[in-house]
Amino acid sequence: MFTEQLLELDRTSDIYPSRGYGAARLLERKDPVVYASTEQESPIDIALVRQYRTRGFLVLENFFSKQEVACFREELDRLGEGAKLRQTEEIITETESGDIRSLFKVHENNLLFGQLARDQRIAGLAQYLLDDQVYIHQSRVNYKPGFRAKEFYWHSDFETWHVEDGMPRMRAVSISIALTDNYACNGPLMLVPGSHDYFAVCEGETPDQHYRSSLKMQQYGVPSDRLLQKLVRRGGIVQATGKAGNVIVFDCNVMHGSGSNITPYPRSNIFFVYNAISNRVQEPFGNLLPRPEYLCSREQIKPIVPQQFDYTDR
Ligand code: 6CS
Ligand code: FE
């Protein structure tokens, strides 16, 4: 079922050049979106797979039960309280308020979320879409707390992961679980349908240790206004609103972002980034020093064995 073909890339011919490779422009995607063949049995309705291929993302409603979400939410709150008491590199705070903005590497630092990352329902879906064994490239909780949470500006995750982490090809998928209700008013994920079919070349030179600022406010590896307008003119903008327990599946290269949150309603989602084992990261294509392990798994890359877990029996 899985073929191990490590990509031997000639680094001088980067097929997805960005930042310092000329003007902002759109390049055609050179990778499949859905790697599974049509003969392979899909773990979700095939019409949804087609929608994912065409739009670059899916919203799967009521994917986790209310009881499971209650367990995840309790763990989220417990982690958040603990994070307030310590300063470790995985904790990213909001610049102005000091509130917790993101918590990275939860798949390794937390037992419950480590199991969730391996849950057959989502890890199995990632294996299908990528048609390979998968590992977690990155995991995070974006808390987007109420009242004063800042935006995540428009970007393609793959552009960052290619330039700053050395991810060779577009063979990764993010699966985000809503841990609180995502309303139109509290900074839901916004996605541009069809934008995943184009690689938006970004301008500007990446500063050293860019992640120290980009995780709070991203200014490099963001599309020009003109390119963003072009993509939105083609595909529009969809807000991935919905109840806690919904799952948003989005291709590594879909253009997305989220607005600020000044409401009293936190918009807390957990994200697992599944990368195909044959697409494991190499040296960053932006000729930068590799980012730390909490942002990009590099040292212990091992395939996930999807399992079933009962989260409510604790
Ligand atoms: O730099 C990164 O890897 C992170 N930045 C954003 C805005 N989305 C993906 C990822 O969490
Ligand atoms: Fe992102």
Side-chain angles (χ1 to χ4, degrees), residues 16 18-19 56-57 89-95 100-109 113 117 135-144 149-168 170 172-179 182 187-192 195-196 199-200 202 204 206-223 228 231 237-240 248-261 267-275 279-281 284-286 288-298:
Y16 294 120
S18 188
R19 302 189 219 175
F57 64 92
E89 58 182 2
E90 299 95 352
I91 300 168
I92 310 299
T93 54
E94 293 280 1
T95 307
I100 298 177
R101 179 175 169 91
S102 304
L103 191 52
F104 282 86
K105 211 165 94 169
V106 290
H107 70 289
E108 282 194 14
N109 293 344
F113 292 145
Y135 73 94
I136 298 289
H137 166 70
Q138 179 186 100
S139 69
R140 65 193 183 276
V141 174
N142 282 347
Y143 275 80
K144 206 181 269 281
K150 296 300 177 202
E151 79 281 356
F152 286 86
Y153 194 72
W154 294 104
H155 63 282
S156 149
D157 289 336
F158 175 75
E159 193 276 348
T160 290
W161 297 337
H162 183 72
V163 170
E164 299 191 48
D165 294 336
M167 184 181 284
M170 297 176 184
V173 60
S174 287
I175 297 188
S176 171
I177 303 163
L179 300 181
N182 288 210
L189 198 60
M190 297 186 289
L191 305 113
V192 180
S195 58
H196 64 306
F199 180 73
C202 300
T206 312
D208 287 344
Q209 298 195 333
H210 178 223
Y211 60 92
R212 292 190 185 284
S213 59
S214 68
L215 299 177
K216 291 175 181 270
M217 189 171 80
Q218 188 163 355
Q219 294 175 300
Y220 295 87
V222 293
L228 183 65
L231 291 170
I237 295 176
V238 168
Q239 286 188 319
I248 306 161
V249 184
F250 57 107
D251 175 80
C252 58
N253 185 48
V254 73
M255 193 60 70
H256 66 286
S258 59
S260 63
N261 181 11
R267 194 237 62 191
S268 303
N269 292 9
I270 189 166
F271 296 73
F272 297 114
V273 181
Y274 296 93
N275 189 22
N279 192 42
R280 73 190 68 195
V281 293
F285 285 80
L288 300 156
L289 287 175
R291 297 201 300 173
E293 192 71 16
Y294 72 90
L295 287 178
C296 164
S297 300
R298 184 178 298 275

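Just follow the structure's listing: the first ligand is 1, and inside any ligand the first atom is 1. Everything quoted here is computed from the prediction, not taken from an experiment.
A salt bridge does not link Glu151 to Lys144: none of the charged side-chain nitrogens sits closer than 4.0 Å to a carboxylate oxygen. We find that Lys150 and Glu94 are not joined by a salt bridge, their nearest charged nitrogen and carboxylate oxygen being 4.0 Å or further apart.
Ser297 pairs by the side chain to side chain contact (heavy atoms under 4.5 Å, CB included) definition with His107, Tyr135, Glu293, not counting sequence neighbours.
The shortest N or O to N or O distance between His155 and ligand 1 is under 3.5 Å. Checked against a 3.5 angstrom limit, the closest N/O atoms of Trp161 and ligand 1 fall inside it. When only interatomic distances are considered, the shortest N/O to N/O separation between Asp165 and ligand 1 does not fall below 3.5 Å. Below 3.5 Å of separation, one finds no N or O of Ser214 facing any N or O of ligand 1.
Under a cutoff of 6.0 Å and an axis angle of 45°, Arg267 and Tyr143 do not form a cation-pi pair.
Assignment of Leu295 to the shell around ligand 1 is not supported, since no heavy atom sits closer than 4.0 Å. Not a single heavy atom of Glu164 lies less than 4.0 angstrom from ligand 1.
With distances taken over non-hydrogen atoms, the option nearest atom 5 (N) of ligand 1 out of Ile92, Leu215, Asn142 is Leu215.
From the protein, the heavy atom lying nearest to atom 10 (C) of ligand 1 is Gln138 OE1, 3.2 Å. When hydrogens are left out, the protein atom nearest atom 9 (C) of ligand 1 is Asp157 OD1, 2.9 Å; that is the closest non-hydrogen contact.
Between Phe272 and Phe113, the ring centre distance reaches or exceeds 6.0 Å. Close placement of the Tyr220 and His210 rings is indicated, their centers lying within 6.0 Å of each other. No close placement of the His256 and Trp154 rings is indicated, their centers lying 6.0 Å or farther apart.
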Next item on the list: Go through the steps to decide whether Ser102 and Arg140 satisfy the test side chain to side chain donor-acceptor pair (under 3.5 Å), and finish with yes or no.
Entry: CA-CA 6 Å; Ser102 304; Arg140 65 193 183 276; 5.9 Å; no

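Restricting Asp157 to its N/O/S atoms, the shortest distance to the Fe ion (ligand 2) is reached by OD1.
Residue contacts with ligand 1, taken as heavy atom pairs separated by less than 4.0 Å, do not involve His256 at all. Residue contacts with ligand 1 for Gln218 involve side-chain atoms from C-beta outward but no N, CA, C or O (heavy atoms, distance under 4.0 Å).
The distance from ligand 1 to the heavy atoms of Arg291 drops below 4.0 Å at these ligand atoms: 1 (O), 2 (C), 3 (O). Ligand 1 places these atoms under 4.0 Å from at least one heavy atom of Thr160: 1 (O).
The backbone N or O of Trp161 lies less than 3.5 Å from no partner atom in the side chain of Asp157, so there is not a single donor-acceptor pair.
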